[in-house]
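Quick note: numbers below take in every heavy atom, side chains included, and nothing from hydrogens, waters or symmetry partners. The chains referred to below are lettered A, B, ... by the order of the sequence lines, with proteins before strands, and numbering in each begins at 1.
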2 protein chains.
Amino acid sequence: MEQKVTLKELARLLNLSVSTVSKALNDSSEISAQTRSRVKQLALLNNYVPNGMAQSLKNNKTKTIGVVIPNILPSFFTKALHGIESTAAKAGYKIIICISNESTEKEEESLRTFLSGRVDGIILSLAKETQQTKKLDHLKRIIDYGIPLVFFDRISDELSCDSISIDDKKIAEKATDEMHQTGCRNIIYLSTIFDTSVDLQRQNGYTISQAKRRAEPYILHIKDYAVFQERLLPVISEKCVDGILAADELSAILTMRTAIKNGYKIPEDISVIGFTNGFMGEHFLPSLSTVNQHAEEQGKMAVETLISRLKDENTDPVKHVLDTAIIHRESTRTPVSFLKNV
Amino acid sequence: MEQKVTLKELARLLNLSVSTVSKALNDSSEISAQTRSRVKQLALLNNYVPNGMAQSLKNNKTKTIGVVIPNILPSFFTKALHGIESTAAKAGYKIIICISNESTEKEEESLRTFLSGRVDGIILSLAKETQQTKKLDHLKRIIDYGIPLVFFDRISDELSCDSISIDDKKIAEKATDEMHQTGCRNIIYLSTIFDTSVDLQRQNGYTISQAKRRAEPYILHIKDYAVFQERLLPVISEKCVDGILAADELSAILTMRTAIKNGYKIPEDISVIGFTNGFMGEHFLPSLSTVNQHAEEQGKMAVETLISRLKDENTDPVKHVLDTAIIHRESTRTPVSFLKNV
DNA sequence: CTGAAAGCGCTTACAG
DNA sequence: CTGAAAGCGCTTACAG
């Protein structure tokens with residue numbers, strides 16, 4: 001096992017001072033070209049790697065971003081994390097990741113460790129519990145401390161921070177409109193992530209669309225995937241449901257499973273549109289028509305926004321709202337095919 | 001924006017020395033109970049959080065684990081990461097994650113940043129390219145530097161490190177045996193992750209099973225999902241394939257899609273067994289019978305193994321091989337139903 | 001062009 | 001029981 005080589009050791013070997021070695025490695029113009037290359041050569045030879053902790057302590061920056069997400073398993077967050085990681089890596093930032101598990105307490109805990117100067121800034125998507133209870137003190141503390149914070153997807157408008165999100169309301173309205181245009185007359189909204197900011201927006205858009213046709217909105221909240229089928233099935237038959245807007249990918253998939261297993265045809269009997277463009281929906285049979293939630297793009301923009309914030313602290317918060325679209329696949333009828341059927 | 005309070009500041013406010021304050025906060029028995037509580041109270045009042053960089057520099061430990069995975073999107077790695085994060089969090093460790101994107105170069109780069117004393121130890125699953133080319137210098141360097149390294153899933157036997165994996169060979173053999181027992185006579189092995197350690201083992205187990213019945217093994221390697229169907233379909237019809245062991249979840253799903261879309265019935269015409277117990281396989285119609293790859297468990301054990309290694313450097317490397325099982329769902333016939341059909 | 005000194009925020013032997 | 005001093009590995013104003 002090699003002994004880890006430090007500046008001091010390098011200086012000793014070169015008969016130079018630590019300061020000179022440091023400057024040489026950092027390509028300071030103060031140092032002669034000859035010395036610079038001599039130093040660098042020896043550093044290379046000895047596999048010198050500067051100690052990041054010491055650098056961070058001195059420079060007061062860590063080149064590290066803290067990321068807090070509610071859950072890593074849903075493909076939206078997996079993909080967002082992917083976008084975050086690759087964008088951060090390209091810009092020379094490492095990421096520390098914490099999963100809040102939808103709990104405010106764990107979210108607080110994660111943020112507490114970020115208070116210790118371990119990260120330059122934070123990217124966060126709020127836990128369900130935090131959005132339900134609106135307890136935001138731990139987030140305010142971060143802001144008070146002056147650590148830049150960027151929200152994505154599940155954002156808060158009460159805090160003055162940068163944020164990235166999609167226009168959930170508008171796209172939910174559009175999705176509902178479209179289902180109606182292809183013949184659906186009893187469209188319901190189904191959600192397992194109720195009381196999150198995104199859920200509220202989507203519900204809103206759905207309700208607006210229904211109101212345009214004086215159709216009664218019907219919101220189905222299912223708390224636990226374990227009772228999915230027994231909650232959904234009676235609603236389908238009692239309400240003669242022929243269109244379902246599902247607020248998350250797994251709900252959409254389980255909706256299709258439930259429907260198909262019980263003799264309904266998709267999209268002929270029931271149209272389904274989901275949120276999040278994940279692999280599950282993409283490869284299911286029938287493949288899922290879905291709102292493109294721009295997971296990777298949101299992650300990417302969150303990093304970019306954070307990095308510009310790191311450079312320029314004093315501009316106003318930027319609230320990015322991404323435009324989005326529906327990806328049409330097999331779980332919805334096309335306007336054309338619907339017209340042919342009429 | 002509050003000014004960040006340091007030990008020095010606390011000491012000034014309390015009229016004590018920095019050393020005393022530090023010891024008091026660390027509950028040193030050297031300090032009187034009274035002083036201790038006085039210090040702690042003020043620290044709490046001022047939201048004092050010790051600077052982690054300074055502590056790390058001094059203590060030479062970071063309470064951070066570096067994680068390198070080839071790709072975050074396949075559910076095996078998502079789940080493994082989930083296991084890693086939750087286990088690490090419970091033990092008070094943060095995790096820095098790097099994605100190698102299956103490339104040796106990015107793997108090297110990630111490890112380089114870990115050389116800078118940012119992490120206490122590393123958990124890694126090898127990139128496909130690294131396993132193909134067997135370039136292991138960057139990993140040897142980590143070991144030489146004395147940074148504890150734990151492999152999981154895609155491991156290397158050439159390096160003397162702790163590792164966690166499942167017995168891929170044994171379970172692949174069993175899966176093939178089972179398909180044969182339920183009537184499959186032309187079983188092929190299909191992989192998109194060829195030349196990884198896990199692929200080789202699985203291939204091995206499959207070949208052994210085939211050899212027991214003097215059946216010719218047939219290995220289908222598909223490099224690109226884009227040509228999946230056009231590569232698979234001719235093989236199915238020419239070889240009269242009635243059983244497919246697919247080395248990864250997505251391949252298994254695409255196999256089922258391809259088969260069903262072309263008029264084959266699953267499992268009546270073709271049985272399919274996949275690897276990785278992911279959501280996609282669980283919820284597909286028909287649901288996928290699959291080897292339980294123990295993703296979360298592997299992640300958990302990797303962390304536990306690393307943490308014990310951190311405590312005790314000098315014991316021999318431990319190679320954990322987890323026992324595993326097949327989760328029987330709808331994509332395979334049961335032995336019973338097969339017997340009834342005869 | 002090079003180096004001595006101070007300091008980032010901590011911890012910990014050592015002295016009193 | 002408390003504090004002064006050294007030091008973790010760097011960087012950077014300042015002096016020469």
Side-chain angles (χ1 to χ4, degrees), chain A residues 2-40 42-43 46-64 113-120 145, chain B residues 2-40 42-43 46-64 113-120 145-147:
Chain A
E2 304 171 25
Q3 195 46 47
K4 212 159 193 173
V5 53
T6 65
L7 276 191
K8 205 200 230 172
E9 178 67 5
L10 245 33
R12 196 182 59 76
L13 292 170
L14 288 158
N15 258 319
L16 285 170
S17 75
V18 171
S19 354
T20 304
V21 175
S22 169
K23 286 178 202 160
L25 289 172
N26 291 312
D27 261 327
S28 161
S29 58
E30 283 183 59
I31 307 297
S32 73
Q34 200 207 348
T35 306
R36 259 187 279 170
S37 80
R38 209 159 67 88
V39 170
K40 285 189 187 172
L42 192 79
N46 286 64
N47 287 320
Y48 171 72
V49 185
N51 182 307
M53 299 294 125
Q55 286 182 317
S56 298
L57 184 59
K58 189 68 202 165
N59 299 334
N60 206 21
K61 53 186 171 176
T62 60
K63 282 284 184 175
T64 304
T113 75
F114 290 157
L115 246 29
S116 66
R118 241 167 244 291
V119 299
D120 294 341
Y145 259 73
Chain B
E2 306 172 25
Q3 194 46 45
K4 211 157 195 175
V5 53
T6 64
L7 278 191
K8 206 199 228 173
E9 178 66 7
L10 245 35
R12 197 184 58 77
L13 292 169
L14 288 158
N15 255 321
L16 284 171
S17 75
V18 170
S19 352
T20 304
V21 175
S22 168
K23 285 178 202 160
L25 288 172
N26 290 313
D27 260 328
S28 162
S29 58
E30 284 183 59
I31 308 296
S32 74
Q34 201 208 347
T35 306
R36 258 186 281 171
S37 79
R38 209 160 66 88
V39 171
K40 285 188 188 174
L42 192 79
N46 287 64
N47 287 322
Y48 171 72
V49 185
N51 182 306
M53 299 294 127
Q55 287 182 315
S56 298
L57 185 58
K58 188 69 200 161
N59 300 333
N60 205 20
K61 52 187 172 177
T62 59
K63 281 283 183 178
T64 304
T113 76
F114 290 158
L115 246 29
S116 66
R118 243 167 242 291
V119 299
D120 294 341
Y145 260 73
I147 303 176

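Scanning all heavy atoms of the two residues, the minimum distance from B:Pro50 to A:Ser116 falls at O-CB, 3.2 Å. Nearest heavy-atom pair, A:Arg118 versus B:Met53, reported as atom, atom and distance to 0.1 Å: CA-CE, 3.4 Å. Between B:Val49 and A:Tyr145, the shortest heavy-atom contact is CG2-OH, 4.2 Å. When every heavy atom of A:Val5 is checked against every heavy atom of A:Tyr48, the shortest pair comes out as O-CD1, 3.3 Å.
Helical stems in DNA chain D, defined as runs of 3 or more consecutive Watson-Crick or G-U wobble pairs with both donor-acceptor distances under 3.5 Å, are listed by first residue as C:1-3 with D:14-16, C:5-12 with D:5-12, C:14-16 with D:1-3.
If you measure from atom CD of B:Gln34 to atom C1' of D:dT2, you get 13 Å, rounded to the nearest angstrom. A:Glu9 has its CD atom 12 Å from the P atom of D:dC8, to the nearest Å. Between B:Lys4 atom NZ and C:dC8 atom P there is a gap of 15 Å when expressed in whole angstrom units.
Counting non-hydrogen atoms under 4.0 angstrom, B:Thr35 reaches the backbone sugars and phosphates but no base. Using a 4.0 Å heavy-atom cutoff across all strands shown, A:Ser56 reaches no nucleic acid atom at all.
Side chain of B:Arg36 to backbone of B:Ile31: a donor-acceptor contact under 3.5 angstrom is found.
Using modelled atom types and a 3.5 Å distance limit, the side chains of A:Ser32 and A:Thr35 yield a donor-acceptor pair.
Checked against A:Leu42 for a side chain to side chain contact (heavy atoms under 4.5 Å, CB included), the options A:Val21, A:Leu16, A:Leu10 give a single hit: A:Leu10.
A side chain to side chain donor-acceptor pair (under 3.5 Å) check over residues 55-64 of chain A, counting only residues at least two apart or in different chains, returns the pairs A:Thr62-A:Asp120.
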Treat primed atoms plus P, OP1 and OP2 as sugar-phosphate and everything else as base, then score nucleotides 9-16 of chain C 5' to 3': B for base contact with protein heavy atoms under 4.0 Å, S for sugar-phosphate contact only, - for none. BBBBBB--
